[in-house]
Amino acid sequence: MGDWLVNLEHLEEALAGISTILPGHGGPADASLLREQHAYIELYRQTVEALAQGQPMLTEAAKGELTAVMKEHLPAEALEFLIPLGADPVAMELRGQ
């Protein structure tokens, strides 16, 4: 996910001055979509880091907490099942593994 944040920053720079972008999912948007995605990933990483407490994996209870935090930030019932799936890889990335 760290690399994805860097890619979003590069994309935002490359699209400076562009009024409309066409993302792979959803309708046309402006560049604020990239900033929103960046903020979402940052929150996800920060929450995983706090819940993992230095461990390479989150407990099921911690994954439930992660899901609640992320749904509060961006309610998405249809894709809720995806939220905990990336938690362990992100915890390992943050731990340097």
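Count residues from 1 along the sequence.
In terms of heavy atoms, Pro28 sits closest to Pro23 at CA-CD, 4.4 Å. Between Val48 and Ala87, the closest heavy-atom pair is CG1-O, 3.6 Å. Between Leu85 and Pro89, the shortest heavy-atom contact is O-CD, 3.9 Å. Among all heavy-atom pairs drawn from Pro56 and Ala91, the shortest one is O-CB, 3.5 Å.
Note that the OG1 atom of Thr67 and the CD1 atom of Ile83 stand 5.0 Å from one another [nearest 0.5 Å]. The CG atom of Leu34 sits 13.0 Å away from the NE2 atom of His10 when rounded to the nearest 0.5 Å. A distance of 10.5 Å separates CE of Met70 from CD of Glu72, quoted to the nearest 0.5 Å.
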Does the side chain to side chain contact (heavy atoms under 4.5 Å, CB included) test come out yes or no for Arg95 and Met92, once each step is laid out? CA-CA 5 Å; Arg95 192 169 182 223; Met92 286 187 267; 5.6 Å; no
Show your reasoning for whether side chain to side chain contact (heavy atoms under 4.5 Å, CB included) applies to Ile21 and Leu11. CA-CA 11 Å; Ile21 58 174; Leu11 191 55; over 6 Å; no
Let's go through Asp88 and Lys63 carefully: what are the C-alpha distance in whole Å and the side-chain angles of both, what is the deciding distance for side chain to side chain contact (heavy atoms under 4.5 Å, CB included) to 0.1 Å, and is it a yes or a no? CA-CA 9 Å; Asp88 293 339; Lys63 288 177 183 177; 3.0 Å; yes
Would you please test His73 and Tyr44 for side chain to side chain contact (heavy atoms under 4.5 Å, CB included) and show each step? CA-CA 10 Å; His73 177 77; Tyr44 189 95; over 6 Å; no
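Within the 3.5 Å criterion, the main-chain N or O of Leu51 finds no donor-acceptor partner in the side chain of Glu65.
Connection of Leu22 to Leu15 is not established within any shared hydrophobic cluster, with ILVMFWY side chains joined at heavy-atom distances below 4.5 Å, either directly or through further cluster members. No continuous path of ILVMFWY side-chain contacts below 4.5 Å connects Leu82 to Val90, so the two sit in separate hydrophobic clusters. Taken together through direct or relayed side-chain contacts under 4.5 Å among Ile, Leu, Val, Met, Phe, Trp and Tyr, Leu33 and Leu74 form part of one hydrophobic cluster. Side-chain heavy atoms closer than 4.5 Å link hydrophobic residues (I, L, V, M, F, W, Y) into clusters, and following such links, possibly through other members, connects Trp4 to Leu43.
Checked for salt-bridge contact, Arg45 and Glu42 miss the test: no charged N lies under 4.0 Å from a carboxylate O.
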